[in-house]
Structure formats: structure tokens, C-alpha cells
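Here's the structure, in C-alpha cells; my notes come after.
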Amino acid sequence: DTLCMLTDSISFNETDNLFEVDCDIIILENDSLKIFPGETIKFLSYIGLPSNIKHTVIIYGILSAIGTDSKNIFLGDPICTFSAGHKWNGLKFYNTNDVGDCILQYCNIIGASDDKLGQESAIYCENSSIIVDHCSISYLSSGEMFGGCYAVGLVGQSYPIISYTTFKKI
């Protein structure tokens with residue numbers, strides 16, 4: 001089934017294989033979302049507005065983003081810089097402890113920033129064990145009193161498997 005229908009908040013540019021997202025994406029406990037090789041998910045945010053205008057992918061179910069060496073998946077704006085728009089609040093995994101259900105492979109996670117909720121990570125896992133393989137995580141640091149944004153945040157019974165992944169603070 002199609003989990004995300006194209007709406008005014010989610011549009012698709014077939015030429016660039018680009019989804020522009022102007023809303024949160026929530027994957028419920030019994031649902032799954034698959035992102036295909038070569039796709040880009042660009043989150044729209046607005047400079048000068050509060051951080052809660054930045055969008056988040058919240059996962060209670062299954063996220064499968066499996067790219068290839070020649071067709072990476074981009075989550076975030078591929079040309080994101082700290083001062084540019086199109087920042088987002090990253091991937092938030094909750095209670096997804098079955099290892100292997102949630103996979104990020106050959107993904108470029110770009111421009112995730114502080115959400116001011118204490119979950120300041122490009123990837124946040126709460127009682128979640130995900131697989132991150134052959135990925136690049138470029139995250140933003142806000143310099144706020146909580147220490148800004150981190151690449152991976154773990155809470156509770158979270159045991160991710162992270163391999164062949166690079167981390168870069170923008």
C-alpha cells in the first residue's frame with residue numbers, strides 16, 4: 001500500500017527523483033515506508049521561524065531506505081549548509097527493537113538540526129535497534145545550551161548496528 005499520498009504537503013519531481021516534504025512523516029506501529037535507490041527526500045523549512053516549523057520523520061513501525069553504491073538515497077537537502085533553509089529534525093525511532101526491521105543503507109542524511117525537545121540528533125533511537133550501513137551523516141550544530149545536535153542519540157534499550165558510516169558536523 002502507498003503510505004504517503006502526494007498532497008499539497010508532499011510533492012514529487014519525477015525529473016530529479018525528488019520528494020519535497022512540507023510536513024512531518026509519521027510511520028505508525030503496523031506500517032512501513034520504503035525509500036528507493038536514487039530518491040531524495042527534501043524537507044522544507046523556513047528561515048526565521050521557530051524550530052518547530054522544521055519537519056521530522058517519526059518511526060514507530062518500519063523504515064527501509066536501501067540505496068546502492070551508485071544510487072544513494074538523500075534524506076535532507078543535498079546542498080544544505082548551516083545558514084541555508086531546508087533544515088529538518090532528523091529521524092526519530094521509537095520502540096523499533098527488532099534488529100533488521102529498520103535499515104538505512106547507502107543513505108546521505110543531511111542537515112538535521114536541534115529540535116529543542118531534548119532529542120537533538122540526526123538519528124534518535126529510543127528503545128530502538130536499527131541498522132545504519134554505508135551511510136553519510138552530516139548534521140548541524142546549533143550551539144544551544146543543550147549542546148546542539150549530535151549524529152546519533154540513544155536512549156533506553158537501543159542497540160543500533162552502525163558500519164561503514166561517516167559523520168560530519170556542518
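Because only heavy atoms are used, hydrogens play no part in the values below, and waters and symmetry mates are left out as well, while side chains stay in. Computed from a predicted model, the values in this text were never measured in an experiment.
Going from atom OG of Ser129 over to atom CG of Asn95 covers 10.5 Å, rounded to the nearest 0.5 Å. Interatomic distance, NE2 of His55 versus CD1 of Ile25, reported as 9.5 Å (0.5 Å rounding). Note: Leu91 CG to Ile109 CD1 = 5.5 Å, rounded to the nearest 0.5 Å.
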side-chain contact (heavy atoms from CB on, under 4.5 Å) between Tyr60 and Ile58, worked out: CA-CA 7 Å; Tyr60 297 99; Ile58 301 168; 3.5 Å; yes

From CA spacing to verdict: side-chain contact (heavy atoms from CB on, under 4.5 Å), Leu154, Tyr124: CA-CA 6 Å; Leu154 306 175; Tyr124 173 83; over 6 Å; no

Derivation and outcome, side-chain contact (heavy atoms from CB on, under 4.5 Å), residues Phe167 and Ile162: CA-CA 11 Å; Phe167 301 91; Ile162 301 173; 4.1 Å; yes

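Within the 3.5 Å criterion, the main-chain N or O of Cys23 finds no donor-acceptor partner in the side chain of Ser9.
Looking at every heavy atom in both residues, Ala122 comes nearest to Ala112 through CA-CB, 3.5 Å. Closest of all the heavy-atom pairs between Thr165 and His134 is OG1-N, 3.8 Å. Pairing each heavy atom of Ile73 with each of Ala65, the nearest pair is CD1-C, 3.5 Å. The nearest pair of heavy atoms linking Pro37 to Asn17 is O-ND2, 4.1 Å. When every heavy atom of Ile10 is checked against every heavy atom of Phe19, the shortest pair comes out as CG2-CD2, 4.2 Å.
Listed by chain and number, the residues in a side chain to side chain donor-acceptor pair (under 3.5 Å) with Ser163 are Asp133 (sequence neighbours excluded). Legend: residues meeting side chain to side chain donor-acceptor pair (under 3.5 Å) with Tyr159, ordered by chain and number and at least two apart, are Gln157. Take Asp24 and apply the side chain to side chain donor-acceptor pair (under 3.5 Å) test, not counting sequence neighbours, and it matches no residue. With sequence neighbours excluded, the residues forming a side-chain contact (heavy atoms from CB on, under 4.5 Å) with Phe74 are Thr40, Asn72, Pro78, Asn108, Ile110, listed by chain and number. Residues forming a ring pair (Phe, Tyr, Trp, His ring centres under 6.0 Å) with Phe36 (at least two apart in sequence, or on another chain): none. For Thr96, the side chain to side chain donor-acceptor pair (under 3.5 Å) partners two or more places apart in sequence, or in a different chain, are Ser128. For the side-chain contact (heavy atoms from CB on, under 4.5 Å) test, residues two or more places apart in sequence or in another chain that qualify with Ile62 are Ser32, Asp101. In this structure Thr166 satisfies the side-chain contact (heavy atoms from CB on, under 4.5 Å) test together with Ser136, sequence neighbours excluded. Residues that satisfy the side-chain contact (heavy atoms from CB on, under 4.5 Å) test with Ile103, not counting sequence neighbours, are Ile66, Gln105, Ile131.
Between Asn13 and Glu20 there is no side-chain heavy-atom pair separated by less than 4.5 Å. A 4.5 Å side-chain heavy-atom check between Leu75 and Ile35 finds at least one atom pair inside the cut-off. In this structure, the side chains of Trp88 and Val57 come closer than 4.5 Å at one or more pairs of heavy atoms. In this structure, Val152 and Ser121 have side chains that are not in contact, with every pair of non-hydrogen atoms separated by 4.5 Å or more. Ile59 places none of its side-chain heavy atoms less than 4.5 Å from the side chain of Ile130. Annotation: side chain of Phe93 is not in contact with side chain of Asn127 (no heavy-atom distance under 4.5 Å).
Ile27 and Ile123 fall within a single hydrophobic cluster, where Ile, Leu, Val, Met, Phe, Trp and Tyr are joined by side-chain heavy atoms under 4.5 Å apart, directly or via other members.
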